[in-house]
Amino acid sequence: MDTVEKPDQNTSDEVISWYEENWNSPVFPFFRKPKLTPETSLSTGKYPWAWEDAEDILVEYFERFKVERRNFSFIKYWPNEETFIPLNFLRKKENRFHYVEPQPLTIQMLVASAKAGYWLYD
């Protein structure tokens, strides 16, 4: 009797394999690869991606897995990356740049949205 994998499991395996093969590399050549779990976050935690890399990853993800962007907001997950204000301390307090804590964008979120065919979280 052949075992048939559920389509949901196939999607999960495909997303994880794609990320593992293409984007989960060591921070430095002599370091180990970060351990990948469903809770691994691309935007927060120990190894967050810079916004330039994250943009490349997500463009490829949306195209490869045919996920509709719908209400996806890149700024929610990388809110501070494009902001550089030299001498911020000289500005009036109400006009100063304030750091915004990024929301975690996890592997599980990528998997669930790939299964649904559209972005589920915004």
Side-chain angles (χ1 to χ4, degrees):
M1 193 184 245
D2 291 333
T3 58
V4 178
E5 285 192 59
K6 297 177 186 174
D8 284 353
Q9 186 59 43
N10 286 341
T11 302
S12 178
D13 291 344
E14 286 177 32
V15 171
I16 292 170
S17 293
W18 162 78
Y19 185 81
E20 182 74 47
E21 292 168 13
N22 297 294
W23 301 103
N24 192 34
S25 56
V27 177
F28 295 106
F30 50 88
F31 281 31
R32 290 187 180 151
K33 277 176 132 178
K35 185 174 182 209
L36 193 61
T37 69
E39 293 79 29
T40 299
S41 175
L42 283 64
S43 61
T44 62
K46 195 170 182 180
Y47 304 108
W49 285 101
W51 74 269
E52 299 92 346
D53 294 325
E55 192 172 40
D56 292 342
I57 292 168
L58 292 169
V59 164
E60 185 177 327
Y61 163 78
F62 284 117
E63 289 174 4
R64 180 180 178 114
F65 296 102
K66 297 174 181 50
V67 176
E68 291 178 34
R69 290 175 178 252
R70 289 196 182 172
N71 295 324
F72 178 78
S73 173
F74 189 83
I75 296 299
K76 180 177 179 179
Y77 305 104
W78 283 273
N80 305 300
E81 295 294 332
E82 294 183 22
T83 307
F84 174 70
I85 302 174
L87 305 175
N88 190 39
F89 66 92
L90 293 177
R91 302 177 90 182
K92 290 182 181 178
K93 192 170 187 169
E94 61 272 6
N95 293 335
R96 289 183 190 162
F97 168 76
H98 298 283
Y99 179 80
V100 176
E101 191 68 35
Q103 297 293 312
L105 190 152
T106 65
I107 296 295
Q108 181 57 40
M109 293 166 74
L110 297 178
V111 168
S113 294
K115 289 177 184 178
Y118 61 93
W119 189 251
L120 296 169
Y121 299 94
D122 288 328

Checking Phe65 now: which residues fulfil ring-ring contact (aromatic ring centres under 6.0 Å, His included) with it, not counting sequence neighbours?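 With neighbours one apart ignored, the set is Trp18, Tyr61.
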I'd like to check the ring-ring contact (aromatic ring centres under 6.0 Å, His included) partners of Tyr118; sequence neighbours left out, ordered by chain and number.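 Applying ring-ring contact (aromatic ring centres under 6.0 Å, His included) to Tyr118 gives none.
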Distance-only donor-acceptor hits, side chain of residues 34-43, under 3.5 Å, sequence neighbours excluded:
unit_1, atom_1, unit_2, atom_2, d
Thr37, OG1, Glu39, N, 3.3
Thr37, OG1, Thr40, N, 3.3
Thr37, OG1, Thr40, OG1, 3.2
Thr40, OG1, Thr37, N, 2.8
Thr40, OG1, Thr37, O, 3.0
Ser41, OG, Ser43, N, 3.2
Ser41, OG, Thr44, N, 3.0
Ser41, OG, Thr44, OG1, 2.8
Ser41, OG, Leu105, N, 3.4
Ser43, OG, Gln103, O, 2.6
Ser43, OG, Leu105, N, 3.0

Ring pair (Phe, Tyr, Trp, His ring centres under 6.0 Å) between Tyr121 and Phe72: does it pass, once the steps are laid out? CA-CA 7 Å; Tyr121 299 94; Phe72 178 78; over 10 Å; no
Which residues satisfy the side-chain hydrogen bond (donor to acceptor under 3.5 Å, both in side chains) test with Asn24, sequence neighbours excluded?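 With sequence neighbours excluded, Asn24 shows a side-chain hydrogen bond (donor to acceptor under 3.5 Å, both in side chains) to Glu20, given in chain and number order.
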How close do Trp119 and Arg69 get, counting heavy atoms only, and between which atoms?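 In terms of heavy atoms, the two residues are closest at CB-O, 3.6 Å.
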Closest heavy-atom pair and its distance - Ala114, Thr11: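 So the minimum-distance heavy-atom pair works out to CB-CG2, 3.7 Å.
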For Asp53, check side chain to side chain contact (heavy atoms under 4.5 Å, CB included) against everything at least two apart and list the hits.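 Scan of Asp53 (side chain to side chain contact (heavy atoms under 4.5 Å, CB included), adjacent residues dropped) gives Trp49, Ala50.
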Show me the pairs that pass salt bridge (charged side-chain N to carboxylate O under 4.0 Å, His left out) and involve residues 59-68, at least two apart or across chains.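 Qualifying pairs, neighbours excluded: Glu68-Arg70.
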Are Leu58 and Leu110 packed together at the side-chain level, in the sense that at least one heavy-atom pair is separated by less than 4.5 angstrom?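 In short, these two side chains touch, coming nearer than 4.5 Å.
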For Glu14, give me all partners under salt bridge (charged side-chain N to carboxylate O under 4.0 Å, His left out), at least two apart in sequence or on another chain.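 Listed in chain order: nothing, the list is empty.
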